[in-house]
Amino acid sequence: MKELGATDVRQLEAALFRKYGDLKWWPAESADEVLIGAILTQNTSWRNVETCIASLRINGMLSCCSISESGREKLAVLIRSSGFYNQKAERLTTVCGKVCEDYGTLELMTRRITMEKAREFFSGIKGIGRETLSSILLYALHLPVFVMDKYTWRMLGRLGFETGEKRPDHVESVFVSALGGDVNRLRNLHAMIVNLAKDNCKSKPICETCLLRDNCDYAGREIIVP
DNA sequence: GGCCAGGACACCA
DNA sequence: TGGTGTCATGGC
């Protein structure tokens with residue numbers, strides 16, 4: 001097993017960029033919408049989340065304040081198709097209420113908050129785990145972090161790197177420093193990895209998706225590394 | 001019908 | 001500390 005270094009990260013980014021280019025992530029019209037989507041997509045396909053986002057939009061509930069003011073039962077009905085809807089309704093109500101009360105919107109929070117303050121603000125809020133927090137910091141608050149999701153762990157493992165899932169902070173710091181803390185590059189690298197995972201490996205004769213899906217027996221290591 | 005999806009948390013040994 | 005169960009819908 002190899003130790004992941006900055007060069008490895010940049011090579012990975014370059015290989016993926018040749019395939020996907022700039023994906024302009026995250027698909028949302030506001031920072032509040034990023035936060036809402038980040039919770040809805042927990043262990044759920046984005047397709048299902050899109051249905052919920054559309055329902056919330058129609059009902060004028062795509063902001064933290066509108067969600068915090070709505071009833072949890074009504075919210076649960078609107079986000080039903082994302083699964084775990086009771087749990088997610090509770091989580092959304094809690095975090096949106098805190099954002100609304102303290103800042104109004106995440107856009108307003110962005111202007112006044114540092115990385116340390118943001119982490120402090122979200123720490124301890126039920127339902128905001130490591131990955132969800134990273135998504136919020138990177139895509140909603142424009143802060144330089146990397147989203148270490150299960151696709152990334154799996155991919156690193158299959159590329160032969162000592163991923164050390166027990167020390168995610170270290171691996172994340174390698175990604176961030178390798179890309180010079182560039183928020184746009186950090187966003188796009190994660191987006192490209194997710195898109196790689198979405199590709200259907202079994203429908204393609206040569207595919208890199210195998211790096212990311214357990215149900216594929218193809219070891220595509222030599223394809224992804226330039 | 002089974003598996004998986006852009007997780008997180010409580011509980012237990 | 002690490003493993004397991006729970007939350008749950010929808011697409012393939």
Side-chain angles (χ1 to χ4, degrees), chain A residues 12 16 20 23-29 31-56 72-96 98 119 121-141 145-158 163-172 175 186-204 207-218:
Chain A
L12 176 65
L16 288 170
Y20 293 108
L23 292 168
K24 314 285 185 194
W25 253 39
W26 176 297
E29 294 178 6
D32 281 12
E33 189 178 326
V34 172
L35 167 66
I36 294 163
I39 291 175
L40 290 179
T41 199
Q42 289 172 355
N43 205 36
T44 304
S45 68
W46 186 255
R47 185 191 299 269
N48 290 359
V49 174
E50 285 179 323
T51 307
C52 302
I53 296 283
S55 298
L56 292 171
R72 192 172 300 175
E73 294 74 18
K74 179 186 177 184
L75 180 59
V77 170
L78 293 174
I79 65 172
R80 187 179 171 82
S81 61
S82 73
F84 310 113
Y85 51 86
N86 287 320
Q87 192 180 71
K88 288 176 181 176
E90 182 179 358
R91 292 174 178 179
L92 277 172
T93 304
T94 302
V95 67
C96 285
K98 197 165 188 295
R119 288 190 183 279
F121 178 85
F122 288 105
S123 71
I125 298 181
K126 234 177 173 181
I128 307 292
R130 181 186 180 85
E131 186 178 332
T132 304
L133 175 59
S134 293
S135 296
I136 294 168
L137 296 178
L138 180 61
Y139 292 103
L141 298 179
V145 301
F146 186 70
V147 181
M148 298 301 301
D149 60 8
K150 66 182 175 186
Y151 292 143
T152 306
W153 292 124
R154 201 178 294 164
M155 182 182 65
L156 292 178
R158 293 189 182 181
T163 61
E165 281 192 66
K166 292 171 187 171
R167 47 174 194 152
D169 289 338
H170 168 71
V171 179
E172 182 187 330
F175 273 84
L186 289 162
R187 285 176 170 175
N188 202 49
L189 180 52
H190 175 243
M192 292 189 295
I193 291 171
V194 172
N195 268 262
L196 190 60
K198 283 182 177 176
D199 290 342
N200 184 347
C201 72
K202 292 195 172 176
S203 67
K204 298 180 180 179
C207 81
E208 301 91 327
T209 313
C210 319
L211 295 167
L212 304 173
R213 288 195 186 277
D214 280 336
N215 63 356
C216 186
D217 57 1
Y218 182 79

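So you know, we letter chains A, B, ... as the sequences are listed, proteins then strands, and number each from 1.
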Quiz item: Does the pair A:Leu189 and A:Phe146 meet the rule for a side-chain contact (heavy atoms from CB on, under 4.5 Å), with working shown?
Solution: CA-CA 9 Å; A:Leu189 180 52; A:Phe146 186 70; 3.8 Å; yes

Exercise. Identify whether any heavy atom of A:Asp149 sits under 4.0 Å from a base atom; if not, whether one sits that close to sugar-phosphate; answer base, sugar-phosphate or nothing.
Key: nothing

Inter-nucleotide [atom1] distance ([N], [M]), Å rounded:
N	M	atom1	value
B:dA8	C:dG10	P	22 Å
C:dA8	B:dG2	C1'	15 Å
C:dG5	B:dC3	P	15 Å
B:dG6	C:dT6	P	24 Å
C:dG11	B:dG1	C1'	14 Å

Exercise. Given side-chain contact (heavy atoms from CB on, under 4.5 Å), test A:Leu137 with A:Arg119 step by step and report yes or no.
Key: CA-CA 8 Å; A:Leu137 296 178; A:Arg119 288 190 183 279; 3.8 Å; yes

Quiz item: Listed by chain and number, what are the ring pair (Phe, Tyr, Trp, His ring centres under 6.0 Å) partners of A:Phe122, not counting sequence neighbours?
Solution: none

Exercise. Locate the shortest heavy-atom distance separating A:Leu78 from A:Ser55; write the atom from each residue and the value.
Key: O-CB, 3.8 Å

Quiz item: Between A:Ser82 and A:Thr44, which heavy-atom pair has the shortest distance, and what is it?
Solution: O-OG1, 2.8 Å

Please report the distance, rounded to the nearest Å, between [atom1] in [X] and [atom2] in [N].
X	N	atom1	atom2	answer
A:Leu40	B:dA5	CG	P	18 Å
A:Gln42	C:dT9	CD	C1'	15 Å
A:Leu23	B:dG6	CG	P	14 Å
A:Asn43	C:dT9	CG	C1'	11 Å
A:Tyr151	B:dC4	OH	P	11 Å
A:Leu35	B:dA8	CG	P	13 Å
A:Asn188	B:dG6	CG	C1'	15 Å
A:Asn48	C:dC12	CG	C1'	12 Å

Exercise. For the pair A:Tyr139 and A:Trp26, name the ring-plane relationship: parallel under 30°, tilted 30 to 60°, perpendicular over 60°.
Key: tilted

Quiz item: With sequence neighbours left out, what residues match A:Ser81 under side-chain contact (heavy atoms from CB on, under 4.5 Å)?
Solution: A:Thr51, A:Cys52

Quiz item: Side chain of A:Val194: nearest nucleotide among B:dG7, B:dG6, C:dC12?
Solution: B:dG6

Quiz item: Counting side-chain heavy atoms from C-beta on, which of B:dG6, C:dC12, C:dT9 comes nearest to A:Trp26?
Solution: B:dG6

Self-check item: Residues in contact with DNA chain B, drawn from residues 123-136 of chain A - heavy-atom cutoff 4.0 Å
Solution: A:Ile125, A:Lys126, A:Gly127, A:Ile128, A:Gly129, A:Arg130, A:Glu131, A:Thr132

Quiz item: Counting only non-hydrogen atoms, which of residues 82-91 of chain A are less than 4.0 Å from DNA chain B?
Solution: A:Gln87, A:Arg91

Quiz item: What residue pairs, at least two apart or across chains, pass salt bridge (Lys or Arg N to Asp or Glu O under 4.0 Å) with a residue in residues 85-94 of chain A?
Solution: none

Quiz item: Does A:Lys150 put a side-chain nitrogen or oxygen below 4.0 Å from OP1 or OP2 of B:dA5?
Solution: yes

Self-check item: N/O (side chain, A:Arg47) to phosphate O (OP1/OP2, C:dG11) under 4.0 Å
Solution: no

Quiz item: Listed by chain and number, what are the side-chain hydrogen bond (donor to acceptor under 3.5 Å, both in side chains) partners of A:Asp149, not counting sequence neighbours?
Solution: A:Thr152, A:His190

Self-check item: Stacking of A:Trp46 on B:dA5 base (centres under 5.5 Å, planes under 30°)
Solution: no

Quiz item: Does a side-chain heavy-atom distance below 4.5 Å link A:Leu92 with A:Leu40?
Solution: yes

